[in-house]
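Scroll down for the structure; my scribbles are underneath it.
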There are 2 protein chains.
Amino acid sequence: METELAELVRGVSHRLRRGYGERFGPLGLTPGQARALRAIADAEPPLRMVQLADLLRIVPRSVTPVVDALEEAGLVRREVDPANRRSTLLVLTPEGRTRYEQVREARRQAAEELFSVLTPEQREQLRSLLSLVEGRSA
Amino acid sequence: METELAELVRGVSHRLRRGYGERFGPLGLTPGQARALRAIADAEPPLRMVQLADLLRIVPRSVTPVVDALEEAGLVRREVDPANRRSTLLVLTPEGRTRYEQVREARRQAAEELFSVLTPEQREQLRSLLSLVEGRSA
DNA sequence: TATTGTTATACTCTATAACTATA
DNA sequence: TATAGTTATAGAGTATAACAATA
């Protein structure tokens, strides 16, 4: 019973990831990079590396190559925090802003495709149940 | 809206995988190996490599290292299919059977821990909704 | 010619440990 | 001494391409 639930979660997550991969590929981004770009774009004021790690729930070391890729692609700039020279601020470039809009649309399409079989009420139900499992307020 | 759903699925799946990893570690298995062991143990008659790949929804090439690990651990034996010498049959050893029982209990515990916040009715609801998304009969 | 499985290789995501610069 | 980030390294999971053996 619980086992089957677990397998279903795994399956849906797998499909989701695959859908993202296919849609982000043409944008030159992996799902992880797209996710980081989104976090950086939504942040105000600019994020530091540790904060991004927290948001993505990965260790700071694992953030480095992700930001490296975004920086090489010209989407994000690293800036030294004037207030604390140990810290790095992550600033979106104009190209980054444009790409982010495309990422957002790609995400929307992938999620829409996957969850299109559900009615709005069912989606809300699913969202509520998963929120409970995630331990956030439903 | 759909985006948030997607993020929730991702988070729950991540927790699930982490829970499995912690519990399978002492058994000397990665989550992927445990999953393959389960498929092999449940199969009757014995699976061939391609069939296992199909069940796990990965390409045959990716099955090879998983089965390598299970065979090195003495849990599974590769046998040439007498009916088709190109094929490899995957046979569980007695140790494999024992380990599989432990894996099953570990899985059960991990899933129970994660979904314990839900009532039985809510679990059934969640299972039903995810089944719809997975495109199987709810 | 098609199928089964493997060798070789590579990429994504994530982790731990040790180090540098700064506080 | 503690914090922010990096270099170095590793392991899990997955993929494509080329190939051998068999059908």
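Each chain gets a letter, A, B and so on, in the order its sequence line appears, and its residues count up from 1. Below, all heavy atoms of this structure are taken into account, side chains as well, without hydrogens, waters or symmetry copies.
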| query | Could you give the distance from CD (Glu124(A)) to CG (Leu126(A)), rounded to the nearest 0.5 Å? | reply |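 Rounded to the nearest 0.5 Å, the CD-CG separation comes to 9.5 Å.
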| said: Please report the interatomic distance CZ(Arg57(A)) to OG(Ser62(A)), rounded to the nearest 0.5 Å. | reply: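 Reported value, rounded in 0.5 Å steps: 15.5 Å.
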Look at the side chain of [X] and decide which nucleotide, out of [options], has an atom nearest to it.
{"X": "His14(B)", "options": "dG5(C), dT14(C), dT16(C)", "answer": "dT14(C)"}
{"X": "Val50(A)", "options": "dG5(D), dT14(C), dT16(D)", "answer": "dG5(D)"}
{"X": "Asn84(B)", "options": "dT6(C), dA23(D), dT14(C)", "answer": "dA23(D)"}
{"X": "Pro31(B)", "options": "dT14(C), dG13(D), dT22(D)", "answer": "dG13(D)"}

Separation of [X] atom [atom1] from [N] atom [atom2], in whole Å?
{"X": "Arg85(B)", "N": "dA20(D)", "atom1": "CZ", "atom2": "C1'", "value": "14 Å"}
{"X": "Asp68(A)", "N": "dC13(C)", "atom1": "CG", "atom2": "C1'", "value": "14 Å"}
{"X": "Glu71(B)", "N": "dG5(C)", "atom1": "CD", "atom2": "P", "value": "13 Å"}
{"X": "Glu72(A)", "N": "dC11(C)", "atom1": "CD", "atom2": "P", "value": "13 Å"}
{"X": "Leu47(A)", "N": "dA4(D)", "atom1": "CG", "atom2": "P", "value": "14 Å"}
{"X": "Met49(B)", "N": "dG5(C)", "atom1": "CE", "atom2": "C1'", "value": "7 Å"}
{"X": "Glu22(A)", "N": "dA15(D)", "atom1": "CD", "atom2": "P", "value": "12 Å"}
{"X": "Asp81(A)", "N": "dA23(C)", "atom1": "CG", "atom2": "P", "value": "10 Å"}

| message | Could you tell me if Glu113(A) and Gln109(A) have a donor-acceptor pair between their side chains, going purely by distance under 3.5 Å? | response |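 No, Glu113(A) and Gln109(A) have no side-chain donor paired with an acceptor closer than 3.5 Å.
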| What about Val50(B) and Leu55(B), same hydrophobic cluster or not, with Ile/Leu/Val/Met/Phe/Trp/Tyr joined at side-chain heavy-atom distances under 4.5 Å? |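 No; Leu55(B) is not reachable from Val50(B) via cluster members.
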Any side-chain N or O of [X] less than 4.0 Å from the OP1 or OP2 oxygen of [N]?
{"X": "Arg18(B)", "N": "dA15(C)", "value": "yes"}
{"X": "Arg17(B)", "N": "dA15(C)", "value": "no"}
{"X": "Thr30(A)", "N": "dT12(C)", "value": "no"}
{"X": "Thr64(B)", "N": "dT6(C)", "value": "yes"}
{"X": "Arg78(B)", "N": "dT6(C)", "value": "yes"}

Pair of N/O donor and acceptor under 3.5 Å linking [N] base with [X] side chain:
{"X": "Ser62(B)", "N": "dA15(D)", "answer": "yes"}
{"X": "Arg86(B)", "N": "dT3(C)", "answer": "yes"}
{"X": "Arg61(A)", "N": "dT14(C)", "answer": "no"}

| Which pair of heavy atoms, one from Leu132(A) and one from Gln122(B), lies closest together, and at what distance? |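 Taking every non-hydrogen atom into account, CD1-NE2, 3.7 Å.
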